[in-house]
Amino acid sequence: MVSLAAKDDIASILALVKDPEIPVLSVADLGIIRRIETGEDGHLTVVITPTYSGCPATEVIEADIANMLKLHGITDFTIRTEISPAWTTDWITTEGRRKLEEYGIAPPASKGKAALLGHEEVICPQCKSRNTELVSEFGSTACKAQYKCRDCLEPFDYFKCV
Amino acid sequence: MTDQKMHFDYLLRLGDNSLILGQRLAEWCGHAPMLEEDLALTNIGLDLLGQARMLLAYAGEVEGKGRDEDRLAFHRDTMAWRNLLLLEQPNGDFAHTMARQLFFDAFQYQQFAGLCSSSDERLAGIAAKSLKEITYHRRHSTDWVIRLGDGTEESHERMQRAVDSLWGYVPEMFDMDAVDDAMVAAGIGVDVAALRGEWDRYIDEVFAEATLSRPEDSWSVRGSREGKHSEHLGYLLAEMQFLPRAYPDAKW
Ligand SMILES: [Zn+2]
């Protein structure tokens with residue numbers, strides 16, 4: 001049985017599930033948990049959304065969420081995937097952005113700011129220089145682009161803005 | 001043809017386009033001219049595979065005969081495929097791959113932008129999700145065609161040759177048949193014939209910047225909507241479908 005009051009508990013359980021490709025981020029930080037619904041009968045529904053349509057991590061994440069819930073004694077649940085509205089990097093939490101940067105991945109520019117500047121301002125996660133250069137719009141995973149810093153010369157990943 | 005069958009066919013065409021091009025791009029894995037491109041081509045291929053999965057899964061549901069995305073991908077023979085002929089053409093050199101990609105990216109960008117306002121909400125959702133990725137794809141192929149066309153003498157010559165050799169596959173993208181007409185009438189599909197003007201403007205701009213000449217419209221081939229394919233598709237399917245056909249119960 002899941003009572004309404006337990007929604008916060010569910011959220012904190014889900015916060016323990018890490019992204020398989022960027023293990024410092026929880027699935028909650030990434031903004032891919034859209035809703036937690038608890039029915040009258042106590043049935044729990046977790047609605048998630050994929051980051052990229054071909055992201056191979058999506059199925060792993062679903063399995064990880066299921067395992068984490070079972071580990072906490074919750075067995076009466078459904079995990080549903082919804083693609084609309086499409087995931088945007090603006091859903092990554094402030095906490096998530098901070099963790100990304102600490103991990104060495106430049107967080108995505110916010111859409112509003114990128115539009116204002118006419119381009120995405122990418123800051124080097126190592127030395128914080130704004131003097132950076134795009135190497136390739138495609139990186140080691142679907143969500144990342146490759147950049148390099150013209151000041152400290154370090155190459156780094158940028159979580160690209162979608 | 002019933003409405004349901006036409007709806008199925010329409011989704012199949014969209015899904016097959018993404019799957020076959022995605023499969024072609026995957027062939028570059030480990031063979032691209034540089035590491036960044038190896039990653040880029042396989043990433044784009046993965047995006048296309050993701051689109052294909054959503055579209056084919058949906059097509060299977062609309063058909064209502066119990067075929068899921070895997071059944072549709074791995075257990076159909078050449079004649080049952082509905083992808084554009086352009087997309088099954090072999091990779092050739094890097095210039096060929098980029099010409100094929102640019103032609104399709106520019107087309108798919110417009111087509112999916114239109115599908116975002118489809119009356120079929122599920123299709124509109126898939127289109128909106130995919131369009132974000134296609135925007136990156138189109139920028140990537142555009143950059144390369146310009147860079148190679150406006151590059152060295154050899155890169156220019158090879159880029160021009162690639163564009164010339166694939167030009168005859170372009171008209172098929174903008175064909176309309178009974179299924180397309182019915183889908184447009186139902187508010188589900190996009191009138192692709194009406195997209196040609198904008199496509200030409202985009203491509204002409206790229207050609208101008210790339211110092212490439214627009215090929216003459218001297219030949220064209222079509223037939224994919226009736227399952228008539230070039231000889232290349234059979235080889236592609238043989239590789240893609242081998243495992244699930246040889247070991248029908250295989251699981252990851
Ligand atoms: Zn730096």
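Computation of the quantities below employed the complete heavy-atom set of this structure, encompassing side-chain atoms and omitting hydrogens, waters and symmetry-equivalent molecules. The chains referred to below are lettered A, B, ... by the order of the sequence lines, with proteins before strands, and numbering in each begins at 1.
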Would you say [atom1] of [X] has more than 12 non-hydrogen atoms from neighbouring residues, nucleotides or ligands within 6.0 angstrom?
| X | atom1 | value |
| --- | --- | --- |
| B/Arg24 | CZ | yes |
| A/Arg98 | CZ | yes |
| B/Glu205 | CD | no |
| A/Tyr103 | OH | yes |
| A/Lys148 | NZ | no |
| A/Glu82 | CD | yes |

Tell me, side chain or backbone of [X] under 4.5 Å from chain B's heavy atoms, or both, or neither?
| X | result |
| --- | --- |
| A/Thr58 | neither |
| A/Thr51 | backbone |
| A/Pro50 | both |

Nearest atoms (heavy-atom pairs only) where [X] meets [Y]:
| X | Y | result |
| --- | --- | --- |
| B/Glu133 | A/Ser53 | OE1-OG, 2.6 Å |
| A/Ile83 | B/Met54 | CD1-SD, 3.8 Å |
| B/Gly125 | A/Ser84 | CA-OG, 4.0 Å |

How many angstroms lie between CD in B/Glu36 and CD in A/Glu137, if you round to the nearest 0.5 Å?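 Reported value, rounded in 0.5 Å steps: 13.0 Å.
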
Identify which part of B/Ile126 has an atom lying under 4.5 Å from any heavy atom of chain A, answering side chain, backbone, both or neither.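 Both backbone and side chain.
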
Keeping B/Asp47 on the side-chain end and A/Tyr52 on the backbone end, is there a donor-acceptor pair under 3.5 Å?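 Looks like no, no N/O pair under 3.5 Å.
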
Going by side chain to side chain contact (heavy atoms under 4.5 Å, CB included), A/Phe138 matches just one of B/Asp38, B/Ile44, B/Leu46, B/Thr42. Which one?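 The single option meeting the side chain to side chain contact (heavy atoms under 4.5 Å, CB included) with A/Phe138 is B/Ile44.
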
Contact leader toward chain A among B/Arg122, B/Glu121, B/Lys132, B/His140, where contacts are heavy-atom pairs under 4.5 Å: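 Top option by heavy-atom pairs under 4.5 Å: B/Lys132.
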
Under-4.0 Å salt bridge between A/Glu59 and B/Arg53: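 Salt bridge flag = yes for B/Arg53 with A/Glu59.
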
